[in-house]
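These notes concern the structure reproduced below.
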Protein chains: 2
Amino acid sequence: MKKEIVKINQLWTDIYYQLRYTHQEKITHQSIRIMQVIEKENEVGIKEIAKAIQVSHNTASEHIKRLMEKEYVFKSRSSKDERKVILRLTELGGEVLHRHSSLNEEKLEHLLYEKMSSEERQLILDAFTLMRERVNDVYNR
Amino acid sequence: MKKEIVKINQLWTDIYYQLRYTHQEKITHQSIRIMQVIEKENEVGIKEIAKAIQVSHNTASEHIKRLMEKEYVFKSRSSKDERKVILRLTELGGEVLHRHSSLNEEKLEHLLYEKMSSEERQLILDAFTLMRERVNDVYNR
DNA sequence: ACGAATATATCTTATAATACGACATTAATT
DNA sequence: AATTAATGTCGTATTATAAGATATATTCGT
């Protein structure tokens, strides 16, 4: 493995460790992964969840039941196929997922607006934008 | 909240979602958080774990027992204070944590070395390096 | 129109994870 | 020697996780 790759991963995990949210609510690993899929993909139903986290469809259904009890997720039905569930995050669910996968906004603002010049800030934004664009080229056809 | 902050978080989570490892072993949320602390901090013992994940010391001790059974973690004792445990990740533990918090090395290599020029690659590396440096200035004295 | 296939839901059962209080042990401190 | 600090263990309770069996509703194929 090239050493730049290892280096970037080191930087990535260091940045996340320092800038993540703390004092987060209790939540399970599966719940986070499920909510990530719902947020990042379109038209996600029970079957897609089961595939994404590698469990049976009935287990996936139980997960969703629990997430609905916590009001992190709600269901609607596809208009094209009334058998199919379409899952979405509630506002609360979105906030919870944010606190478990995003960078702390206050810390990020402090870093970008008080510890960096506008040129440095632009460098960060350009790099992330480039990376996301190229990633999309690779993984979404 | 400034819109650049929200934008960067959007990019951050998109990049992670696309580049993360898939088909990961079953692991609990608490296990990952504990291993992150062990990897990123020095001289972590039971007390530090308890504080980091906000549980009692006996619960933290049980977590460590389970992680040792799985051979993700091992203990030694501080030479300065023989009461104090010092936790470290085993090689296996390091790999497991990697698969649950880092970017997939194959995907990253493909992205950086086949989809980017060396200038673009350098931009990414510079941006991450800058970000990590400044983060360290802020959060480590 | 009708049986087959698909998507989801529910119920039961089993195991593992999570957490805490109470109590015990060992090493350091005073 | 008594106290404090760091950790470990036991008992107990709750929740999470997962699968199989079974059921229901919708759509597809002919």
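Residue numbers start from 1 in every chain, and the chains themselves are labelled A, B, ... in the order their sequence lines are given, proteins ahead of strands. If you're wondering where the values come from, they're calculated on a predicted model, not measured in any experiment.
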Could you tell me the separation between the [atom1] atom of [X] and the [atom2] atom of [N], rounded to a whole number of Å?
X: A:Ile46; N: C:dA9; atom1: CD1; atom2: C1'; answer: 9 Å
X: A:Arg33; N: D:dA18; atom1: CZ; atom2: P; answer: 10 Å
X: B:His29; N: C:dA17; atom1: NE2; atom2: C1'; answer: 14 Å
X: B:Arg66; N: C:dA16; atom1: CZ; atom2: C1'; answer: 9 Å
X: B:Ile34; N: C:dA17; atom1: CD1; atom2: P; answer: 12 Å
X: B:His57; N: C:dC23; atom1: NE2; atom2: P; answer: 13 Å
X: B:Glu62; N: C:dA22; atom1: CD; atom2: P; answer: 16 Å
X: B:Ile27; N: D:dT17; atom1: CD1; atom2: C1'; answer: 15 Å

Do B:Leu108 and B:Tyr113 belong together in a cluster built from hydrophobic side chains that touch within less than 4.5 Å?
yes
Is the closest basic N to carboxylate O distance between A:Glu62 and A:Lys65 below 4.0 Å?
yes
If you compare every side-chain N and O of [X] against the phosphate oxygens of [N] (OP1, OP2), does one of them come in below 4.0 Å?
X: A:Gln30; N: D:dA18; value: yes
X: B:Thr28; N: C:dA16; value: no
X: B:Lys75; N: D:dG8; value: yes
X: B:Lys84; N: D:dA6; value: no
X: A:Lys70; N: D:dA16; value: yes

Taking atom types as modelled, find out whether A:Thr13 and B:Lys40 have a side-chain donor-acceptor pair closer than 3.5 angstrom.
yes
Rounded to the nearest 0.5 Å, the CZ atom of B:Arg134 sits from the CD1 atom of A:Ile124 at a distance of 9.0 Å
Inter-residue atom distance B:His63.NE2 - B:Ile34.CD1, 0.5 Å rounding
5.0 Å
Side chain of B:Lys47 (C-beta onward), nearest among D:dA6, C:dT8, D:dT9
D:dA6
Options D:dA16, D:dA18, D:dG8, nucleotide nearest the side-chain atoms of B:Ser61:
D:dG8
Quick one: on DNA chain D, does A:Ser31 or B:Ile86 contact a more 5' nucleotide (nearest heavy atom)?
B:Ile86
Residue among A:Glu91, A:Met35, A:Lys70 satisfying side-chain contact (heavy atoms from CB on, under 4.5 Å) with A:Val96:
A:Met35
Under 3.5 Å donor-acceptor pair, A:Thr59 side-chain atoms to D:dA19 base atoms
yes
List the steps and the verdict of side-chain hydrogen bond (donor to acceptor under 3.5 Å, both in side chains) for B:Gln36 and A:Arg20.
CA-CA 12 Å; B:Gln36 280 175 337; A:Arg20 75 198 165 150; 3.2 Å; yes
With sugar-phosphate taken as primed atoms, P, OP1 and OP2 and all else as base, the protein-contact string of nucleotides 25-30 of chain D at under 4.0 Å (heavy atoms; B, S, -) is -BS---
